[in-house]
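Notes to accompany the following structure.
Naming convention: chains lettered A, B, ... in sequence-line order (proteins, then strands); numbering from 1 in each chain. Nothing here was measured: the structure is a model prediction, and the numbers come from that model.
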Amino acid sequence: MPGLDQRAIAAALRRLAQILEIRGENPFKVRAHENAADALESGEFDAIEEARSGTLGKRKGFGEALVAKVAALAQTGELDELRELEAEVPAGLFEMLRIPGFGPKKVQAVWKKLGVTTVDELERACKDGRVEKLAGFGEKSAAKIREGIAFLRTSAGQYLRGAALAAAEELREALAKSRAVKRVEIAGSLRRGREVVKDIDIVASSRSPDKVMDLFRTLPQVAEVTGSGETKTSVRLQSGIACDLRVVRDEQFPFALMHFTGSKDHNVAMRARAQRLFNIRISEYGLFDETHGDALIPCEDEAAIHRRLGLSPIEPELREDRGEIEAAEHGELPALVTREDVRGTLHMHTHSSDGKAGVLEMAQAGAQMGFEWIGIADHSVSAFYAGGMKPDEVHRQFDEIEALNAKGSPCRILKGIECDILPAGELDYDESIWKRTDFIVGSVHSSFTMTEREMTARVTRALENPYLSILGHPTGRLLLRRDPFAIDLEAVIDAAAKHGRIIEINGDPNRLDLDWRWVKRARDAGVMLSLGPDAHRPEDLKHTWLALTVARKGWLEAKHVLNTRTAPEALKRLRKMRGA
DNA sequence: CTCATCGT
DNA sequence: CAAACCCT
DNA sequence: AGGGTTTGTAACGATGAG
């Protein structure tokens, strides 16, 4: 077997860590493997080269054993230890680890004591009462596991927008390079900006579809071709995501793009309306005028289709059949906020808490991406698991930021903190720290299991604090992993509106929280929103764009978004909340 | 109540 | 498992 | 210096079993 690349080595070490964990080995040993995998994944150094030259062992976290493992994986792609242990641990156990509340110890228990090795078996064991009889488990445990399995099932086969989009853009670019391809676009729910997707749809136009299909089938990302004809090819990528490519003649491209972008409900509504008002039939191949012998009405792009149907152009993000067609009819669509409108971005971490870079590096990355200003917001002291800052650390960081701003930072840096909203609705620290900040992002990071009433009271109380500028990731959801905590968002939005507070659209690909459906309600209630990358390393600043998509999906215009302001304007808006 | 486990 | 610590 | 041994995440809340 050939040697593995750095990412694959990291994945192998992570797998090993999981096996060790299920086997109940020393937690520090498990952690050591995870840390090593993290380090390799960060890509900050060439581990393969360092393993070869013998310098890897000088690195913190890499001792004799891990250096040997990395070297073996780099050279042969195999590791005896991993192969042997994998043979011992049934593959289904890893899937069980994904059940919320079901960790390595419980996996071990049901495996060893009940011989359960798959999620399906576990479900049966819950139903027939074997689980609740197990020492350490009871009726409630069994019920909770069944809930967890149900959640797992609903998220099965779905992928985060962030990951799917990256894969789709690679494919699109590969296809666009071909001379046989005239036009090519990502379609489907990905184009509509949905937060999770079940597959990737790509639409292309070409005079020689077979050539395009050939190219597509042989792309390096493709693991398996599941179907292929002259208009459609379906594949599964290495990452497991299914991907469909449709190829049409160039005249048909706008119609196909619109059809495959959906949503289904949007298409149905569009078609019914076209039929009713214009006697026009819409299909993926064109607009057909039924009063004139079903003649094709040519359109060069989607905007032309919209215009022909008496509508202003409807951006893909809005095509959810939530009033966009009526708005387009009356010329009342929002002028959606664009990348060009965005001048700054705030909510990012540095090595003062759990970030991987310093303030200056983040500022440089921000400037490079064209931001005029950034806002740092490291974790507060209660977020111990994330290395939250003690008061003196806050002052030290703020001194550094002030010095940088004074001597000419790559871009203007705003001083902020991501302050924990404690269970009673208090913010971490006190006024002596708060007053030194330009802004505070207040976030819930603990006690998620409060009742809706309690949680709502907690957050609305925090919103009354004049120093809380922005409510961070308001529902705490983790896409495909954890539901939002119970909270009355209506009441939260009202409280934010009342006190002039801003609500964050967190752009972490795992969160995308506030959800777009609520973004629109916040907007309608007069609340300003802020795009937050929640970056932990310079390259994460691009999460701003994921948040931007959510904003667009929530019908936001530039005026609704803090990030479109110049630094002085943003500061003015933030200060206003404090009554200054 | 204590202990184990999980999650952040 | 790695790193710090303690011992001769 | 080289070895064997001990210590170390980062700290706490929620939940459930017994």
Ordered by number, residues from residues 47-58 of chain A within less than 4.0 Å of DNA chain B (heavy atoms) are none
Pairwise C1' distance for D/dA11 and C/dC1, with rounding to whole Å: 22 Å
Nearest whole Å is fine: how far is B/dG7 C1' from A/Arg98 CZ? 16 Å
What is the distance, to the nearest angstrom, from the NZ atom on A/Lys133 to the P atom on D/dA17? 15 Å
Looking at A/Arg83 and A/Glu86, does any basic side-chain N land under 4.0 Å from a carboxylate oxygen? no
Does any N or O in the side chain of A/Asp488 come within less than 3.5 Å of the main-chain N or O of A/Glu490, such that one atom is a donor and the other an acceptor? yes
Are A/Arg124 and A/Asp120 within salt-bridge range, i.e. N to O under 4.0 Å? no
Does the structure place the NZ or CZ of A/Arg436 under 6.0 Å from the centre of the six-membered ring of A/Tyr429, at an angle of no more than 45° from the ring's axis? no
Could you pull out the protein-nucleic contacts involving nucleotides 5-9 of chain D (nitrogen or oxygen on both sides, under 3.5 Å)?
from, atom 1, to, atom 2, distance (Å)
D/dT9, O2, A/Arg31, NH1, 3.2

What's the closest nucleotide to the A/Leu478 side chain, out of D/dA17, B/dT8, C/dC1? B/dT8
A/Phe137 CZ - B/dC3 C1' separation (whole Å): 15 Å
Determine the interatomic distance between C1' on D/dT9 and the same-named atom on B/dC6; round to the nearest Å. 15 Å
A/Lys144 vs B/dC6: side-chain N/O to OP1/OP2 distance below 4.0 Å: no
If I take atom CZ in residue A/Phe62 and atom P in nucleotide C/dA3, what distance separates them, rounded to the nearest angstrom? 10 Å
When rounded to whole Å, the CD to P distance for the pair A/Glu81 and C/dC1 reads 6 Å
A/Tyr159 side chain vs A/Gly240 backbone, donor-acceptor pair below 3.5 Å: yes
Checking all strands, does A/Glu25 fall into the base, sugar-phosphate, or nothing category for heavy-atom contacts under 4.0 angstrom? nothing
Just checking A/Glu139: base, sugar-phosphate only, or nothing, at a heavy-atom cut-off of under 4.0 Å? sugar-phosphate
Hey, are the side chains of A/Lys106 and A/Ile99 touching, using non-hydrogen atoms and a 4.5 Å cut-off? no
Is the distance from OP1 or OP2 of D/dC12 to the nearest side-chain N or O of A/Ser382 less than 4.0 Å? no
Between A/Glu123 and A/Arg153, is the closest basic N to carboxylate O distance under 4.0 Å? yes
Restricting to non-hydrogen atoms, name the atom on A/Val131 and the atom on A/Cys126 that form the minimum distance, rounded to 0.1 Å. CG2-N, 3.8 Å
Ignoring the backbone of A/Ser447, work out which of D/dG13, D/dG16, C/dA3 is nearest its side chain. D/dG13
Does anything in residues 99-123 of chain A come within less than 4.0 Å of DNA chain B? Heavy atoms only, and list the residues if so. A/Pro100, A/Gly101, A/Phe102, A/Gly103, A/Pro104, A/Lys105, A/Lys106
Salt bridge A/Lys356-A/Glu44, side-chain N to carboxylate O under 4.0 Å: no
Among B/dT8, C/dC1, D/dA14, find the nucleotide with the atom closest to the side chain of A/Phe448. B/dT8
Using whole Å, what does the distance between atom P of nucleotide B/dG7 and atom CG of A/Asp420 come to? 19 Å
Shortest side-chain distance from A/Tyr385, nucleotide among D/dT15, B/dT8, D/dG18: B/dT8
Taking the six-membered ring for Trp, are A/Trp111 and A/Phe102 ring centroids under 6.0 Å apart? no
Just compare C/dC1, D/dC12, D/dA17 and give me whichever is closest to any side-chain atom of A/Phe384. D/dC12
Distance between C1' atoms of D/dG13 and C/dA2 (Å, rounded): 30 Å
Between D/dA10 and C/dC5, how far apart are the P atoms? Round to whole Å, please. 16 Å
So, A/Arg517 and A/Asp515, do they make that salt bridge, N to O below 4.0 Å? yes
What's the separation between atom CD in A/Gln18 and atom CG in A/Leu85, rounded to the nearest 0.5 Å? 13.0 Å
Would you mind classifying the nucleic acid contact of A/Ala135 as base, sugar-phosphate or nothing, using non-hydrogen atoms under 4.0 angstrom? sugar-phosphate
Any side-chain N or O of A/Thr449 below 4.0 angstrom from OP1/OP2 of D/dG13? no
Lys/Arg-Asp/Glu bridge criterion (N-O < 4.0 Å) met for A/Glu132, A/Lys140: no
Under 4.0 Å, heavy atoms only, any strand: does A/Ser446 hit a base, just the sugar-phosphate, or nothing? nothing
